[in-house]
Every structure is written in C-alpha cells, then in structure tokens.
Amino acid sequence: MIDYEKELNSQQLAAVRADPGPILVIAGAGSGKTRTLTYRVAYLIENGLPPDRLLLLTFTNKAAREMLHRVSNVLPADGSKLWGGTFHSIANRILRRHAKLLGYSSGYAILDREDCKDLINACIPEAGINVKERRFPKADVLIEAFSLAVNTERALAEIVKTNYIYFSDVIEQVANVRRLYIERKKQANVMDYDDLLSNLLMLLRGHPEIAELYGRQFLSILVDEYQDTNRIQSDIVDLFSARHQNVMVVGDDAQSIYSWRGANFRNIMEFPKRYPKARVFKIEQNYRSTPQILGLANEAIRANANQFEKTLRATRNDGLKPQVVPVLNASEQAVFVATQMLELRDQGIPLNGMAVLYRSHYHSMELQMELTRRNIPFFITSGLRFFEQAHIKDVAAYLKLALNPRDELAFKRIALMMPKIGNVTAVKLWRKALAQVESARSKSEGELPVAETLFDYGQLINLVPKLAQKEWQQFAETMKQLREPNLKNSPDEMIRMVMEASYDDYLQAKYDNYSSRKEDVEQLANYASRFDGTEELLAELALMTNVEVQEDGPNSKDEEAVRLSTVHQAKGQEFPVVFVLWLTEGCFPNTRALESMEGEEEERRLFYVAVTRAKDELYLIHPQIKLSGDYGDAFQKKSRFLQDLSKSCYQELEVDVYQ
C-alpha cells in the first residue's frame with residue numbers, strides 16, 4: 001500500500017483522496033501538479049477501479065508518457081491498460097472503432113501538414129479562383145484559419161474578420177475552398193489533425209449510444225492542463241462524464257496564456273457552473289521559488305478580476321529580492337544582461353542555469369548580438385535566431401542586391417518568392433542578369449560604383465512566367481528606388497521601402513502569423529537606423545548568421561549555454577536565474593492585447609508565468625528609450641505590471657553598464 005501521507009502534502013492529499021464526483025484542482029505554479037495527478041490515478045486503481053476504466057487526458061505525448069511511467073513506478077499493480085494520452089490520440093483510438101458511423105472506413109489515413117497543403121492547393125483552382133488575377137492566401141494561412149475555426153467552434157467568416165482582416169474581401173472564396181477541402185477529405189477517406197477532435201465530438205453528439213458506451217467505459221476521467229483546453233475538448237470531456245460526473249480537471253487559471261491558438265479561458269473559470277456539485281481544491285505550496293519571488297508573483301496576478309484567488313507559499317528559505325532594472329535603451333539592456341551573466345557564472349551559477357524570457361521574438365535582437373560579441377553560448381527555444389528567420393533574410397536580400405548586383409544568392413532568393421518561378425527559371429534569369437551587369441562593367445573599363453550600375457531588371461520580363469510578371473515588374477521598380485544614391489546610408493529607409501513596395505503583400509499571403517512577422521521587420525528597420533550605412537548593417541547580420549548557435553540545447557549535460565525563449569515557450573520550465581526583457585508599455589504588455597480587458601488579463605497572466613519560472617534570482621528590465629522609425633528616440637513608460645507592484649516586494653537596481 002502507498003503511504004500517501006508521507007508522499008504528499010496536506011493540500012495534495014486532500015485532492016488525491018477526494019470522493020468521486022466533479023473536482024476542480026487549482027494547482028499553482030511549482031506546486032507538484034503532476035505528482036498530484038499521478039497519485040490520484042494510483043489511489044483510484046488501488047481502491048478497486050480497473051485501469052481500463054480510467055481515462056487520463058494530457059496535452060502532449062511527452063506528458064502522457066511521463067505520467068504513465070510515474071504511475072507504473074508508484075503502483076504495485078499493472079497500470080498498462082489505463083487509457084492515457086493526448087486528446088487527439090484518444091480520439092483516434094475511438095474513431096478507429098466507429099468511423100463507419102461518420103461515413104469513413106476504419107482504415108482512414110491522417111494527413112500531415114504537407115498533405116493538407118497539397119490538398120488545399122488542389123482545391124483552390126477547383127473553386128474557380130484565379131490566383132494571377134487577385135491576391136489569395138497561401139495554403140499555410142488557410143490551414144491555420146480553418147484550424148482556428150474548428151478549435152474555437154466559431155464561424156470561418158468571424159475568424160477571417162478578427163484574425164485575417166486583410167483577406168476579408170475574399171471571404172466567400174475562402175469559405176468555398178474550405179467546403180471543397182472538407183468534401184475531398186471525406187472522398188479520400190482521410191482526416192487532418194483537427195478532424196480527430198471535431199469528428200469525435202460529432203460522433204458523441206450524433207450517436208447517444210456511443211456517448212453512453214464510453215460514459216460506462218470511463219468510470220473516472222482526469223484532465224491535465226485544463227486551462228489550455230479549447231471549446232471542443234471541454235465539450236468532449238463533458239459528454240464523457242455526463243452519466244456519472246466523475247471528472248477531475250487539474251490546471252491553473254493564472255497560467256492560461258494560449259487564447260491565440262484556441263484555448264478557452266472560460267473552460268476552467270466556469271467549471272463550477274457547468275458542474276454545480278463541483279468541489280474546488282487549491283494546491284498553493286510551491287517547491288520551486290524563494291519566498292521573495294513568490295511574494296512578487298502573488299502581487300503581480302492580484303490585479304486580475306477573473307481568477308480563482310490563491311496565494312503561493314514557499315517551502316524554501318529566504319533568498320534575494322527580485323531586481324527591477326531600469327536601463328537607457330535596448331543596447332544597455334543587452335550589455336547589462338550579458339555582464340550579469342558573466343558575474344553570476346563567476347559566482348558558480350552555470351550558464352545553462354540562466355534563461356532570458358521575452359514577450360516577442362524581436363525583443364532579443366540586441367541581446368543576441370551582444371552575446372555573440374562576447375562569445376557567450378546561447379540557444380533558442382522560441383524558434384530560429386532572429387536574424388535567421390525567413391522574412392528577415394528575405395528583406396536583407398533586397399538590400400544585398402541593391403549594393404551588389406552580382407550577389408547570386410540574393411537575386412535567386414527574391415526570384416523564388418514569385419509565383420511559378422522555380423530553381424530552373426531562377427538560374428536562367430540570373431545568368432541573363434549577370435551577363436548584363438558584367439557587360440556594363442566591361443564597357444566602363446573597370447568596376448562601377450554600385451549607384452551607377454543601373455541595370456533595369458524589367459528587361460528580363462520576357463523570361464518570366466506570365467503568372468509572375470506583375471510581381472517581377474514591381475521588383476524591378478523597387479530595385480531602381482533602392483539604388484538611389486541618397487539611400488545607401490539609410491538602411492532603415494531601404495527596409496521600409498521594401499515593405500511598402502511589395503513585401504508586405506507577400507507576408508500577408510504566405511504566413512499565418514503575418515502581424516508578428518511584420519512587427520519583426522519594423523523592428524529590424526528601427527535597429528538599422530543606428531548604422532551609418534547599409535554595408536555596416538549587412539556586415540553585422542553576416543556576423544550573426546555565421547556564428548554557430550545551438551537551437552536545440554546543449555549536446556551534453558556538461559555543456560553550458562544560456563537559454564533564450566519567449567514566455568509562451570518557457571511555460572512548464574524552471575531556471576535558477578531568469579531575466580525578463582522589455583517590460584515597457586506596448587512591449588510587455590503587448591499593445592494589441594490591451595484592446596480588451598480579457599487581453600490585458602491574459603498579458604498579466606503571461607507576466608505571472610514569466611516570473612514564476614525563476615527559482616533563485618529574478619531580473620525585470622525596462623528600457624527607458626526605444627528607437628522608433630517615425631519619431632526617432634521615443635520615451636518608454638514602465639510596464640503597468642511593474643507599476644502595480646508595491647516597492648516592498650522588489651529592489652530597484654541602479655546600474656552603470658559602462659563601468
């Protein structure tokens with residue numbers, strides 16, 4: 001028999017031993033949520049529930065494997081028959097048994113993302129859409145729009161109007177493509193990832209006998225990370241548990257930060273309304289952070305009106321107060337963080353015990369530069385290094401070609417962005433362009449200054465496929481403008497010119513996260529304004545993209561590297577030392593999020609997630625000046641999340657980064 005009193009604290013124990021019925025467990029950051037769930041599973045099985053009558057739903061396969069492994073280590077009995085996995089894996093398991101009821105065979109295939117793109121691309125011409133006559137979203141964008149509509153159970157028209165407003169003029173055509181896409185999937189006996197959930201919900205709603213079958217099968221249901229469930233997932237849980245209401249959901253409303261991908265904050269907040277007999281257990285004992293860090297975290301979230309009130313309490317001894325660090329600008333911020341990292345390392349804290357968190361990827365731009373200059377190894381869990389992202393390299397290609405008309409890679413990169421231009425056509429175009437440039441140089445009996453190499457790319461238009469001729473002509477005009485002599489020393493103006501001329505349209509059509517990529521390019525332009533010339537900027541970019549940086553983490557436990565991450569990517573992680581960047585109004589919180597109270601409260605929850613990642617030391621940094629393309633140096637207001645804190649819960653650190 002398991003000694004639960006020995007293994008669990010009093011709050012965990014109360015949740016684990018709770019009587020059957022609807023249960024909401026609010027598990028604060030670092031409070032042992034996984035441990036509580038593991039022992040709840042063990043307790044139920046130990047008290048006579050057959051493992052195959054228990055359903056455990058998680059959000060990732062890794063979480064499911066980890067929890068099932070822990071259960072098997074704790075239990076004296078065999079728990080291998082337990083139904084455990086992600087919502088999608090459980091849906092697939094059930095649909096294989098009953099697919100015929102929905103018009104599929106049990107051998108249906110599941111499409112990966114590339115399969116989905118190919119099928120959507122086949123549906124676009126079938127819908128009578130001529131992409132050469134008007135701009136139309138790429139398959140990647142359509143996949144995300146269709147997925148968001150499914151997972152939020154909202155109309156596609158509403159999704160387009162709120163998330164893809166720049167395509168509202170083609171909303172009927174988008175809906176037609178979706179209709180054909182759904183029909184083609186059914187005809188081919190295939191489902192995409194989202195269909196697994198939507199079809200399971202359709203099965204349970206449309207066939208009450210199936211809902212009853214699984215209501216009897218699953219005598220107890222446990223759900224992990226409930227604050228991240230979307231509407232479909234919560235509906236599935238409700239249908240499974242409708243017969244007996246033996247459902248325990250575990251989560252933390254204060255860490256609900258994924259509304260942008262369909263998570264529904266109301267699921268956890270309204271659980272007691274949907275289950276009037278629900279009991280709420282709070283687990284507030286934190287094993288991760290010092291009392292000082294938790295004191296700041298408790299204050300940080302207090303301003304949110306919509307929450308289950310709780311107070312995290314530390315099990316650890318006192319530590320250092322969190323440091324609020326005002327700096328002049330982004331450069332000083334980067335210098336401070338890099339300097340502090342080296343000092344902490346001298347004190348015995350390894351680099352892989354440090355993390356830098358930020359609201360948006362571009363916030364780490366200057367820091368990546370500074371760490372590279374100082375040979376401080378780092379890796380990134382929020383995607384590629386800023387300067388290696390496709391849209392940054394695209395814009396840089398225009399600048400490179402403007403300065404050096406013999407840059408083959410820059411030319412081909414731009415050409416390949418255009419419709420119906422592949423590698424073969426790009427090579428033909430390049431050979432012709434190079435011949436013209438070399439001819440101009442030979443006639444001058446020497447090397448021409450770039451500004452005088454006025455080869456008109458429009459002369460190549462007869463070699464360009466008809467579908468790309470409009471884009472090619474725009475490219476030719478843009479290159480003429482970029483080669484104006486007065487622009488050579490204004491890389492920021494060159495970047496904005498590229499965006500205004502054509503690249504903004506390309507971003508909208510190609511990427512589902514258009515807004516964040518556009519913001520990245522705007523920040524690159526702001527960053528470029530500090531350079532005296534475009535050549536200097538491009539040299540700096542080349543420095544960054546030629547340094548080896550591990551993006552998947554150190555290769556061994558002994559290898560040191562600082563982690564850079566968005567706060568979203570860092571959820572579930574913990575680090576001895578955490579730096580949070582750009583805590584200014586408009587950056588963190590993000591300006592767009594402040595358009596509604598719900599948005600502001602989610603931003604505050606995001607800040608709460610950031611500060612609760614820290615175990616020992618926490619640095620909250622707010623630059624006072626930010627470069628703005630329209631206004632030059634713009635004064636920055638300290639983030640409201642810092643303003644809301646009482647001065648007793650932090651220490652303001654005065655630094656001179658140039659000492």
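Values reported hereafter were calculated over all heavy atoms of this structure, with side chains retained and with hydrogens, waters and symmetry mates removed. These figures come from a predicted structure and were not determined experimentally.
Distance check: Met191 CE to Cys116 SG gives 13.0 Å after rounding to the nearest 0.5 Å. To the nearest 0.5 Å, atoms CG (Asp194) and CZ (Phe146) are separated by 11.5 Å. One distance of note links NE2 of His568 with CZ of Arg261; it measures 8.0 Å at 0.5 Å rounding. The CG atom of Leu581 lies 10.5 Å from the SG atom of Cys587; values are rounded to the nearest 0.5 Å. Note that CD of Glu153 is 8.0 Å distant from CG of Asn230, once rounded to the nearest 0.5 Å. Here the straight-line distance linking atom CD1 of Ile257 with atom CG of Asp228 works out to 7.5 Å at 0.5 Å rounding.
In this structure the side chain of Ile495 reaches within 4.5 angstrom of the side chain of Leu537, judged on heavy atoms. Proximity of Phe588 to Leu606: side-chain heavy atoms (C-beta onward) are separated by under 4.5 Å at one or more points. Glu493 places none of its side-chain heavy atoms less than 4.5 Å from the side chain of Glu484. Contact check for Met418 versus Leu467: no side-chain heavy atoms found under the 4.5 Å cut-off. Put simply, the side chain of Gln523 does not reach to within 4.5 Å of the side chain of Ser360, judged on heavy atoms. Proximity of Phe378 to Thr372: side-chain heavy atoms (C-beta onward) are separated by under 4.5 Å at one or more points. Using a 4.5 Å heavy-atom threshold, the side chains of Gln389 and Lys393 count as separate.
Not counting sequence neighbours, the partners of Phe475 by the ring-ring contact (aromatic ring centres under 6.0 Å, His included) test are Tyr457, Trp472. In this structure Ala338 satisfies the side-chain contact (heavy atoms from CB on, under 4.5 Å) test together with Glu370, Leu371, Arg374, Ile376, sequence neighbours excluded. In this structure Lys428 satisfies the side-chain contact (heavy atoms from CB on, under 4.5 Å) test together with Val424, sequence neighbours excluded. By the side-chain contact (heavy atoms from CB on, under 4.5 Å) test, Lys432 is found to be paired with Gln436, Leu460, Leu463, residues two or more places apart in sequence or in another chain being considered.
Although no hydrogens or angles enter the test, the distance criterion places no donor-acceptor pair under 3.5 Å between the side chain of Glu471 and the main chain of Pro419. Judged by distance alone, the side chain of Thr425 and the main-chain N or O of Ile421 form no donor-acceptor pair under 3.5 Å. Remark: the backbone N or O of Asp115 is paired with a side-chain donor or acceptor of Asp112 at under 3.5 angstrom.
Residue pairs that meet the ring-ring contact (aromatic ring centres under 6.0 Å, His included) test with at least one member in residues 479-503, sequence neighbours left out, are Tyr503-Tyr506. Among residue pairs with one or both ends in residues 174-184, those qualifying as side-chain hydrogen bond (donor to acceptor under 3.5 Å, both in side chains) are Glu126-Arg184, Asn176-Arg179, Arg179-Glu183, Tyr181-Asp192; sequence neighbours excluded.
Within a 6.0 Å sphere centred on CG of Asn486, heavy atoms belonging to other residues, nucleotides or ligands number more than 12. Under a cut-off of 6.0 angstrom, the local environment of NZ in Lys400 is sparse, with at most 12 non-hydrogen atoms contributed by other residues, nucleotides or ligands.
In summary, Glu114 and Lys117 engage in a salt bridge, as defined by a charged side-chain N under 4.0 Å from a carboxylate O. One finds no salt bridge joining Asp407 and Arg413 here, because no Lys/Arg side-chain nitrogen approaches an Asp/Glu carboxylate oxygen to under 4.0 Å. Using a 4.0 Å cut-off between a side-chain N of Lys or Arg and a carboxylate O of Asp or Glu, Lys161 and Glu158 do not qualify as a salt bridge. The pair Lys138-Glu144 does not count as a salt bridge, with every side-chain nitrogen at least 4.0 angstrom from each carboxylate oxygen. Look at Glu603 and Arg359 and you find a salt bridge, because one of the NZ, NE, NH1 or NH2 atoms lies within 4.0 Å of a carboxylate O, short of that distance.
Under a cutoff of 6.0 Å and an axis angle of 45°, Arg96 and Tyr108 form a cation-pi pair. Cation-pi geometry between Arg613 and Phe575 is not satisfied (NZ or CZ under 6.0 Å from the ring centre, within 45° of the ring normal). Under the 6.0 Å distance and 45° angle rule, Lys186 counts as a cation-pi partner of Tyr104.
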Would you please test Trp430 and Phe411 for ring pair (Phe, Tyr, Trp, His ring centres under 6.0 Å) and show each step? CA-CA 7 Å; Trp430 167 246; Phe411 176 92; 5.4 Å; yes
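A donor-acceptor contact under 3.5 angstrom links the side chains of Ser259 and Glu602, judged on distance only. For the residue pair Ser364 / Gln368, a side-chain donor-acceptor distance below 3.5 Å is found, with atom types taken as modelled. Ser147 and Asn151 are linked by a side-chain donor-acceptor pair at a separation below 3.5 angstrom, with hydrogens and angles left out of the test. A side-chain donor-acceptor contact under 3.5 Å links Asp520 and His391.
When every heavy atom of Ala145 is checked against every heavy atom of Leu156, the shortest pair comes out as O-CD1, 4.1 Å. Considering every non-hydrogen atom in both Lys185 and Leu119, the closest pair reads CG-CD2, 3.6 Å. Residues Pro137 and Val170 approach most closely at CD-CG2, 4.3 Å, considering heavy atoms. Scanning all heavy atoms of the two residues, the minimum distance from Leu487 to Thr534 falls at O-OG1, 4.1 Å.
When the options Tyr166, Tyr164, Tyr514 are evaluated for a side-chain hydrogen bond (donor to acceptor under 3.5 Å, both in side chains) with Gln508, the one that passes is Tyr514.
The aromatic ring centres of Tyr527 and Phe531 sit less than 6.0 Å apart.
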